[in-house]
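In this chain, residues are counted from 1 in sequence order. Note that the structure is a prediction, hence the values are computed from the model and not measured.
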Amino acid sequence: LNFCIFIIFFSIFITKFKYPVTALLLAIPYVIIVAGTGYVRQASAFGFLLIAILYLIDKKILLFLTFIILGTLFHKTVFFNGYTTSNCII
């Protein structure tokens, strides 16, 4: 579904330019760097956060911190969410 929506809007975007190749060169870095990796990074970080919360509930603090650090490597908001969660649970 995301790919289909992307193709529709991207084709509209390219057709509005006088030089479509220029539009393609302008759009590809954003599409690859931001849209292509942004959602994967966020989903991975959220997955590490969920696993960390499971370890926190079991009072395994070292594993909790390990997964928080791994999640923070993907997205910095995991650190703040992990800190807030740990204050609520502990």
Side-chain angles (χ1 to χ4, degrees):
L1 179 64
N2 288 339
F3 183 73
C4 295
I5 294 170
F6 165 74
I7 293 297
I8 292 168
F9 286 113
F10 191 65
S11 61
I12 293 170
F13 177 74
I14 287 180
T15 58
K16 298 296 180 185
F17 276 82
K18 185 176 181 180
Y19 301 105
V21 174
T22 306
L24 187 66
L25 290 174
L26 289 172
I28 289 297
Y30 177 80
V31 169
I32 290 174
I33 294 170
V34 177
T37 60
Y39 304 118
V40 173
R41 286 179 49 227
Q42 291 173 358
S44 299
F46 185 65
F48 280 117
L49 177 64
L50 292 178
I51 293 171
I53 290 171
L54 291 176
Y55 284 121
L56 182 63
I57 292 170
D58 290 339
K59 305 292 184 197
K60 296 180 180 178
I61 303 301
L62 186 59
L63 286 171
F64 166 75
L65 292 174
T66 302
F67 279 95
I68 289 296
I69 291 169
L70 286 173
T72 303
L73 294 174
F74 285 91
H75 206 281
K76 62 185 173 187
T77 57
V78 170
F79 176 78
F80 301 111
N81 288 328
Y83 176 75
T84 305
T85 304
S86 66
N87 285 337
C88 293
I89 293 178
I90 292 180

Task: Cluster overlap Leu56 with Leu54, hydrophobic side-chain contacts below 4.5 Å - done: no
- [ ] Would you name the heavy atoms of Ile68 and Thr72 that are closest together and state the gap between them?
- [x] O-OG1, 2.7 Å
Task: Parallel, tilted or perpendicular, as decided by the 30° and 60° cut-offs, for the rings of Tyr55 and Phe67 - done: parallel
Task: Pairwise distance CD1(Ile69) to CZ(Phe64) - rounded to 0.5 angstrom - done: 10.0 Å
TODO: Provide the closest heavy-atom pair for Ala45 versus Gly71 in the form atom of the first, atom of the second, distance.
DONE: CB-O, 3.7 Å
Open item on the list: Within this structure, what is the CG-CZ distance for the pair Leu50 and Phe48, rounded to the nearest 0.5 Å?
Closed with: 11.5 Å
Task: Residues that Thr66 engages under side chain to side chain donor-acceptor pair (under 3.5 Å), provided they are two or more places apart - done: none
Task: Taking every non-hydrogen atom, the tightest pair across Phe74 and Leu70 - done: CD1-O, 3.3 Å
